[in-house]
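In what follows, a single structure is set out as structure tokens and then discussed.
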Protein chains: 2
Amino acid sequence: MQQKVSIKDIANHVGTSITAVSFVINGKAKEKYISDKLAAKIRKAIDELGYQPNLLARSLRTGKSNIIGFLVDDISKPFFSGLARAIDEKAAVHGYKIIFSSTGNDRERTTEILNIYQERRVDAYVAALAEGLENEIGGLIGGEAPVVLFDRYLPGLDADYVLTDNFWSTAAATQHLLDNGFENIAFITIDTLQQQMLDRLRGYTEVIDRSGKKQEVLKIKYQDSEHATQLIKAFLQKNSHLDAVIFAANYLTMDGLKLSRTGDEGLLQSKGVISFDDFELLEFIRPSITAVEQPIEAIAENIIQLLLKKLAGGATAKTAKPVVINLQAKLNVRQSSKPQNAQS
Amino acid sequence: MQQKVSIKDIANHVGTSITAVSFVINGKAKEKYISDKLAAKIRKAIDELGYQPNLLARSLRTGKSNIIGFLVDDISKPFFSGLARAIDEKAAVHGYKIIFSSTGNDRERTTEILNIYQERRVDAYVAALAEGLENEIGGLIGGEAPVVLFDRYLPGLDADYVLTDNFWSTAAATQHLLDNGFENIAFITIDTLQQQMLDRLRGYTEVIDRSGKKQEVLKIKYQDSEHATQLIKAFLQKNSHLDAVIFAANYLTMDGLKLSRTGDEGLLQSKGVISFDDFELLEFIRPSITAVEQPIEAIAENIIQLLLKKLAGGATAKTAKPVVINLQAKLNVRQSSKPQNAQS
DNA sequence: TTTATTTGCGTAAACGTTTAAGTTATTCGA
DNA sequence: TCGAATAACTTAAACGTTTACGCAAATAAA
């Protein structure tokens, strides 16, 4: 019971060859002309001896580890851990396991992790990387193992992506506020070249421009949370005519909410507020805040489907053009029109 | 560049045996009498050809996969994903990788996952399991691979545990409220036999009893969030003399906070509130809520240390008595004494 | 009856390592 | 000067699989 039983043990126990055993294990009994009688005996022995295949040996032989490497900033961020769970479950159905790591946005750590993934012979990579790390992952693209990136688009990288449609989502959010009678809508973002942030900004500006209203954008040079809160405070105090605010990222929403700490919650109290990225917190906050929710399940599903296609496709899939999938986010409305300021 | 280079390739390139190459790779050059000259040539070739060891092959040969299986309810829960990150980082230092799965508290899924872990020949298990799953993991204890459980103590299972000291932590929380002048402190928990919940309750009752005050306990037969909120509401309305409440779990705190949805936030507004388990949300909530924070880093560190000891120890460690480590939680005070109702 | 095909199974090589057990040449102590 | 120790390597087996190939018996075709 203690020592592991191998195919050889089964073969000896039944009095046959390891080949025969291997064939029935792999469901090739018919195909490989193993008689029903022998197959039955083998299956019985497998049961009795409690045989469990050694996946390491199998991987070595087949060249497929059935492991997917998952790489993000920080696995403990809700979006990432939620996605990790979804991907893990979907991957398990197809016999894959996930190993994960957090880069902490550190270049050295990232190369190190990718190196380990290669040594472990992962079959595929799933990653969300910050700009500046294009080169580290770039070397992998077009290689043996397929790579699918998500969440962040890196303009320099011609890879397969599964993204949230940032442009569309912010446009919809902005339109939502307009439809509900808000007149002076501000957009608070960070000063960056990150593609997804630019897309979000564009979603806002285009809708505002089309409406003939005035753009009110605060671009924060992000240092830390305290500082951001101060800038937001100053911005809102100065522009007292604003009646709605869109925060372009969840941490910005948080920084905004931290105004309550200094007793400045009034600055947001009477306004329409939309947060990009939904989080549990928002269910409890007063006044209620509408949020753009990333479609985690859909993202996971698309990533896995893409990977499976590439893993199955072999050479054909490898030369295929990169795919970029844009998924529409959901607007979780918790606050309706301006006048009533009602809560749904 | 495309095809993987093996030890054999290095050996051929240098004109030596694979044994020699293997020795220098494993840093046994001196010990195994490889001349500095040859070692240097080998190292050069390794660099030039970009050799990366095949960890699958190594694992097969050595019998050590250097993989740790991590098993929890739901990896997307903040406590678990936080711990996952911490463990991953600490394990990486020692050359271990983590694979994880979410059981969803499902028995079949749990056995299935454990089976997969065994097939993958994980070197060790880290798990937080709900009661009822004792048997599934029980079979592993005392086997080849060490098992460390955390978060939940399962009375039937004689295993190694790393836990938060629930008794001590609730006692401290209760004492904190007493010290700050609260007189009528309620304890809201669920109706269960879960050891950690019983410990928390005991922490409360013992301190209350010693103080000569009256116990006010609500045990909820948990069905769903809505229902729990209703029960809490009724309880607080009926016992209007209460001036403080301790929620024994984070989801109970949430259910309590949901009173604001029906406009009943007044029921908590004027009271002292402590939540077991801290979460981001609590930084924003008014009135501010003090919370017991689980020491994630310490838990991770203790788990890894325990595992390493057992992995290194071999037979001696296997026969050793199970270790139960109780770590003290931190009380994050966000609210001080009763009179002022001030916010820190 | 002979030949070809199908059925049923076993032999052995390979995947990329590690490592016990050689082998040869050199140094050394007496 | 000669066995013994040391230094510098190599040979080959093993880890547990998968799978190409080979071979014999049974069946079908001619």
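Just so it is clear: chains get the letters A, B, ... in the order the sequence lines come, proteins before strands, and each one is counted from 1.
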Atom-pair distance ([atom1] on [X]; [atom2] on [N]), nearest Å:
{"X": "B:K8", "N": "C:dT17", "atom1": "NZ", "atom2": "P", "result": "11 Å"}
{"X": "A:F23", "N": "D:dT18", "atom1": "CZ", "atom2": "P", "result": "10 Å"}
{"X": "B:K64", "N": "C:dT19", "atom1": "NZ", "atom2": "P", "result": "12 Å"}
{"X": "B:N66", "N": "D:dC15", "atom1": "CG", "atom2": "P", "result": "20 Å"}
{"X": "B:D9", "N": "C:dG16", "atom1": "CG", "atom2": "P", "result": "8 Å"}
{"X": "B:I25", "N": "C:dT17", "atom1": "CD1", "atom2": "P", "result": "7 Å"}

For nucleotides 11-13 of chain D, list the nitrogen or oxygen atoms of the protein found under 3.5 Å from its nitrogen or oxygen atoms, one pair per line.
residue : atom : partner : partner atom : Å
D:dT11  : O4   : B:T19   : OG1          : 2.6
D:dA12  : N6   : B:T19   : OG1          : 3.3

key: Straight-line distance of B:L154 CG to B:N135 CG, nearest 0.5 Å   =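 Here the rounded value is 10.5 Å.
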ask   = Which ones in residues 27-58 of chain B lie close to DNA chain C, meaning a heavy atom under 4.0 Å from one of its atoms?
value =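 Within residues 27-58 of chain B, the residues near DNA chain C are B:K28, B:Y51, B:Q52, B:P53, B:N54, B:A57, B:R58.
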task = Report yes if the side chains of A:F80 and A:L71 come closer than 4.5 Å at any heavy-atom pair, otherwise no.
result =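 No. Closest side-chain heavy atoms not under 4.5 Å.
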ask   = Do the side chains of B:H13 and B:K41 get nearer than 4.5 Å, heavy atoms only?
value =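 No. Closest side-chain heavy atoms not under 4.5 Å.
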ask   = So what does A:T16 touch, heavy atoms closer than 4.0 Å: a base, only the sugar-phosphate, or nothing?
value =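 Here A:T16 touches the backbone only, sparing every base.
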Side-chain donor-acceptor pair present, B:S101, A:K97, cut-off under 3.5 Å =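 Yes, because at least one side-chain N or O of B:S101 sits under 3.5 Å from a partner of the opposite role on A:K97.
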Donor-acceptor side-chain pairing of B:T111 and B:E136 below 3.5 angstrom =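 B:T111 vs B:E136: no donor-acceptor pair found between side chains.
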Side chain to side chain donor-acceptor pair (under 3.5 Å) between A:N54 and B:E119, intermediate numbers included = CA-CA 5 Å; A:N54 183 327; B:E119 293 184 352; over 6 Å; no
ask   = Which is it for B:F150 and B:Y161 under the ring-ring contact (aromatic ring centres under 6.0 Å, His included) test, yes or no, and what are the steps along the way?
value = CA-CA 5 Å; B:F150 70 99; B:Y161 288 94; over 10 Å; no
Other residues, nucleotides, ligands: >12 heavy atoms within 6.0 Å of B:K90 NZ =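 Yes, enclosed.
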